[in-house]
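First the structure, in the form of structure tokens, and then the observations on it.
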Amino acid sequence: DIHGLEGSIGAPIEVRGARSPGRAVFVAAPGRNTVSIANSAHVKIADLDLVGGELPVDAVKAEGTSRYAHHITLEGLRITGHGADQQNVAISTKCPAWGWTIRGNAIIGAGTGLYLGNSNGSAPFIRGLIERNIIIGTRGYSMQIKHQMPWPDLPEIASDPGDTIVRYNTFAKDERSSTGDLARPNLLLGHWPLAGKGSRERYLVYGNLFLDNPAEVLLQAEGNVTVYNNVFINRFGDAVAIREHNDVPRSIDFFHNTIVARGVGVLLRNGDPAAKQTISGNAIFADQVTPPSVASQNLLSRFERTGNAGRNAAGTPPPVDLAAAGRSVDDRQWNAAGREDLPDVALDFDHQRRMRPVYGAYAGVLPADSRRLDAAERERGSNRLPRP
């Protein structure tokens, strides 16, 4: 129980396991969540193995009975055995939560990976940093941040707009993924409050690898979202849907991404006409984008040109390298205004520096680095999907 514990900015309370030679293991027990957080702040939980044993419990949960949980850091956790049901979650927040850092965790085979915010929008997840996690083989969402109703009075949240950052993660699904009515995207981002405090908040999504979903899209988003330098590979269907869910897309900037999809590469639908939606400078290997006008500001090719999205059955490189396939963006189609100050915008997916605007997530100087794709495939192991 992390209940009623409050550290400070300079001196957080830490619950930490040993990194070597052996890790601390917390084994789930029936009827309670393994790490339960309530009315706590400035707490760091690190370097633990949370083993679920397929019991119907969550691994880490900010409880719905709590008034708040802010400035919580979850780092270096390895969460397994929480896949008994899609409702079992590796990391969940059900109370107002802000200032969280979720970094460097491995979540394998959970019902849902990260479920941040309450399902009815009443418990906002605000200004979090989710980085360098690997989330493999979930039944439902790899990660969802719920839509948000008007914020409660949170005196620590400044009135100026801020960002929630999702960067350098791997969201990979496989045959454990639910289908039919239970199918879920790898990542779903809900809208911010529609008016008042929080309405100008923004998601920054960059440097992530999205790999496979047999029954849904890789990314679905609405509200205010900026997406760049990501790689999307779905060898089984559609990749990206910027569309209505509980509200509509509002301020959208989607650029410098590489997309490989057997179905629709990008869908943009029902955007707010009072806001701006921009999809430009992407390298899209798919048979369709919607609406067709999206094609004019992006580099389009067919799915087959990538050698079935980066690998053939023998695991050898594709006949067309995803980095070399791009070319410099036409200056007339490239609007850098407002993008210069985005974090790591000058670096590509492989952290190479961009010397000029190039279509897609790769700068195009060297062949694309496949280490993150290889690591995801190894982690999926014998559970990975059969190749199309």
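As the structure is a prediction and not an experimental result, all values here were calculated from the model.
Under the ring pair (Phe, Tyr, Trp, His ring centres under 6.0 Å) criterion, F210 pairs with F171, F232, sequence neighbours left out.
Rounded to the nearest 0.5 Å, atoms OG1 (T170) and CD1 (I134) are 5.0 Å apart. Here CZ of R202 is found 10.5 Å from OG1 of T164. Values are rounded to the nearest 0.5 Å. Considering CG of N282 and CG of N257, their distance stands at 5.0 Å, rounded to 0.5 Å. Here the straight-line distance linking atom OH of Y203 with atom CG of L187 works out to 9.0 Å at 0.5 Å rounding. Going from atom CG of L209 over to atom CG of N169 covers 10.0 Å, rounded to the nearest 0.5 Å. The CG atom of D85 sits 6.0 Å away from atom CZ of R139, with the distance rounded to the nearest 0.5 Å.
Residues F255 and R339 are in side-chain contact: their nearest non-hydrogen atoms beyond the backbone lie under 4.5 Å apart. Using a 4.5 Å cut-off on side-chain heavy atoms (C-beta onward), R127 and E201 make contact. Looking only at side-chain heavy atoms (C-beta outward), I2 and I45 come within less than 4.5 Å of each other. With contacts defined as side-chain heavy-atom distances shorter than 4.5 Å, the pair S92/K94 qualifies. A 4.5 Å side-chain heavy-atom check between L342 and L204 finds at least one atom pair inside the cut-off.
Side chain to side chain, E63 and N33 meet the donor-acceptor criterion of an N or O pair below 3.5 Å. A donor-acceptor contact closer than 3.5 angstrom links the side chains of Y168 and D344. Between the side chains of R354 and N229, a donor-acceptor pair is found at a separation under 3.5 Å. H147 and N246 share a side-chain donor-acceptor pair at under 3.5 Å.
Under the salt bridge (charged side-chain N to carboxylate O under 4.0 Å, His left out) test applied with D212, the options R262, R235, K173 reduce to a single match, R235.
There is no path of hydrophobic side-chain contacts, each under 4.5 Å, that joins V89 to L189.
Taking the six-membered ring for Trp and the full ring otherwise, the centers of Y362 and H256 sit at least 6.0 Å from each other. Taking the ring centroids of H70 and H42, they lie under the 6.0 Å cut-off. You'll find the ring centres of Y206 and Y228 inside the 6.0 Å limit.
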